[in-house]
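Everything on this sheet refers to the single structure shown next.
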Number of protein chains: 2
Amino acid sequence: MTGRTKVDQREYLNLGRVLTTAVSVADEAGIEAISMRKLAQKLGVVPMALYKHVANKEQLLDGVVDVVVREIAPPDPTLDWKPAVRARILSARAALLRHPWARRVMESKATPTPVVLDYIESTIAIFRAGGLSVDLTHHALHALGSRIFGFTQELYNDSQNAGPIPPEAIQMLAQTHPHSAAVADSRRHQQSSVVGSGCDDQFEFEFALDIVLDGLERLHRQGWSSSAPRTSAASG
Amino acid sequence: MTGRTKVDQREYLNLGRVLTTAVSVADEAGIEAISMRKLAQKLGVVPMALYKHVANKEQLLDGVVDVVVREIAPPDPTLDWKPAVRARILSARAALLRHPWARRVMESKATPTPVVLDYIESTIAIFRAGGLSVDLTHHALHALGSRIFGFTQELYNDSQNAGPIPPEAIQMLAQTHPHSAAVADSRRHQQSSVVGSGCDDQFEFEFALDIVLDGLERLHRQGWSSSAPRTSAASG
DNA sequence: ACCTGAACACCGTTCAAGT
DNA sequence: ACCTGAACACCGTTCAAGT
């Protein structure tokens with residue numbers, strides 16, 4: 001009977017509140033701030049109370065990823081397959097920019113959750129509705145890979161904190177690695193849209209994405225098939 | 001004076017032995033088997049003894065990555081830039097296939113070690129020697145991204161243990177996600193070179209790599225520049 | 001029957017005590 | 001001066017004791 005007062009003092013914990021709290025904790029303090037103990041403290045409960053809603057930490061992270069994936073905009077049925085896929089991937093990228101820690105969590109997973117599977121399914125559906133064969137769609141998924149989720153595939157992703165590389169650093173780099181310094185320095189001559197970074201990340205993302213999408217479109221127009229005699233994949 | 005007997009009983013620990021032991025431990029038992037405590041035990045020393053050779057665990061992992069990166073074959077100067085880059089990346093991929101845990105370790109790093117910087121430098125040198133502009137080389141590095149290191153960018157990389165997806169699983173998947181099931185099923189009709197996996201990972205890797213390299217070659221031939229009026233990146 | 005605090009088996013690293 | 005064992009501050013999860 002005394003348990004009844006708990007209802008008045010505090011909302012019962014539920015899975016939704018656990019997950020959205022975990023997302024906001026990660027947004028504010030990074031993924032390393034999500035431990036069962038710290039999250040429980042944030043929720044004002046004992047650590048073991050979380051185990052009423054998730055079986056273990058892995059299941060918690062699955063749920064957290066699902067929250068992020070659900071933020072990705074659904075496909076626009078009025079677009080042709082190429083702009084539709086492009087818009088979808090850019091929406092996924094936007095979601096990951098809001099939750100930069102989510103990429104690492106997703107990469108640590110070995111199998112997709114049903115929510116992620118739904119996302120993949122609807123993305124495949126865009127290709128198929130656009131007339132691409134099952135075969136080419138299969139290879140397209142491999143070629144796009146985790147870019148489907150909006151992942152960038154830069155050499156070093158974690159330089160989000162740093163702004164442009166200071167000139168002194170490039171000067172020093174030039175003494176040992178001149179080519180690298182020259183390429184790094186070419187960033188600062190692009191004043192197009194630079195905000196915090198020395199590089200226009202959005203431009204580079206779209207540049208790489210368009211190379212792949214254009215290559216796939218070319219193969220599609222050629223009626224390319226993997227069982228046909230092998231030539232250079234995207235030439236002709 | 002009694003310390004002298006230590007020399008007879010056991011070789012003095014040195015950094016090289018620490019790193020090569022760490023690599024073989026990871027090869028045999030996975031990256032989670034590398035902890036300062038377990039590694040020390042494997043070497044027959046007390047955990048704190050490792051701190052004579054590395055400042056902390058991060059520095060240990062840096063050294064371990066360096067061992068793997070040094071296994072990548074140097075560029076072949078007799079080849080044109082495209083086949084040279086292609087061969088280099090395939091050599092990097094081969095190194096990662098021997099040390100599958102290395103990818104995750106490299107991704108956890110925020111900045112490159114000098115050894116990794118040497119690798120990047122020599123790869124950039126291939127592009128420049130082939131006549132690509134600094135500008136295009138810059139974008140090429142972004143477009144290839146971590147593929148430079150031989151990283152695959154599949155949706156799920158950790159399915160190395162599993163063989164082909166069993167037909168029953170595809171049947172079940174088909175009920176909820178028909179497109180995904182069809183695409184997954186298209187794997188089993190490629191009997192080209194399948195060894196353990198249901199998919200020809202080498203083919204898919206080269207397929208995606210060639211799309212990017214062919215796109216870059218096309219832009220190079222067009223004299224493409226990022227400062228020129230923007231069109232679809234790789235079309236024309 | 002339910003909840004939960006203590007405990008377990010780890011981890012990287014600090015630090016002071018012992019030689 | 002050097003080495004190193006105990007200790008610290010964590011972690012995810014188990015489990016039995018208490019209500």
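Letters A, B, ... mirror the listed sequences (proteins, then strands); counts begin at 1.
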Checklist entry - In chain order, what residues pass the ring-ring contact (aromatic ring centres under 6.0 Å, His included) check against B:H99, with sequence neighbours excluded? => result B:W101

Donor-acceptor contacts under 3.5 Å from residues 170-182 of chain A side chains, at least two apart:
unit_1	atom_1	unit_2	atom_2	d
A:T176	OG1	A:L173	O	3.3
A:H177	NE2	B:D118	OD1	2.6
A:S180	OG	B:E121	OE1	2.6

Checklist entry - Can you name the residues that form a side-chain contact (heavy atoms from CB on, under 4.5 Å) with B:L155, not counting sequence neighbours? => result A:I120, A:I148, A:F149

Item to check | Which residues share a side chain to side chain donor-acceptor pair (under 3.5 Å) with B:S146, sequence neighbours left out | outcome: B:Q153

Item to check | By side-chain contact (heavy atoms from CB on, under 4.5 Å) - contacts of B:S122 (at least two apart) | outcome: B:P75, B:R88

Taking only N/O atoms, report every protein-nucleotides 7-11 of chain C pair under 3.5 Å with atom names and distance.
unit_1	atom_1	unit_2	atom_2	d
C:dC11	OP1	B:S35	OG	3.0

Checklist entry - What pairs with A:R70 under salt bridge (charged side-chain N to carboxylate O under 4.0 Å, His left out), at least two apart in sequence or on another chain? => result none

Next on the checklist: In the structure I gave you, are the side-chain heavy atoms of A:V105 and A:I31 within less than 4.5 Å of one another anywhere?
Outcome noted: yes

Checklist entry - Quantified in whole Å, what is the P atom distance between nucleotide C:dT13 and nucleotide D:dT13? => result 22 Å

Checklist outcome for this item: By side-chain contact (heavy atoms from CB on, under 4.5 Å), B:A94 pairs with (sequence neighbours left out) B:R98

Checklist entry - Got a sec, which pairs hit side-chain hydrogen bond (donor to acceptor under 3.5 Å, both in side chains) with one end in residues 32-52 of chain B, sequence neighbours left out? => result none

Item to check | Stems formed with participation of DNA chain C [Watson-Crick or G-U wobble, under 3.5 Å, three or more pairs] | outcome: C:4-8 with D:12-16, C:12-16 with D:4-8

Checklist entry - For A:L19, which residues count as a side-chain contact (heavy atoms from CB on, under 4.5 Å) partner, sequence neighbours excluded? => result A:L15, A:L60, A:V64, A:V67

Tabulate atom names and distances for all N/O pairs under 3.5 angstrom spanning the protein and nucleotides 17-19 of chain C.
none

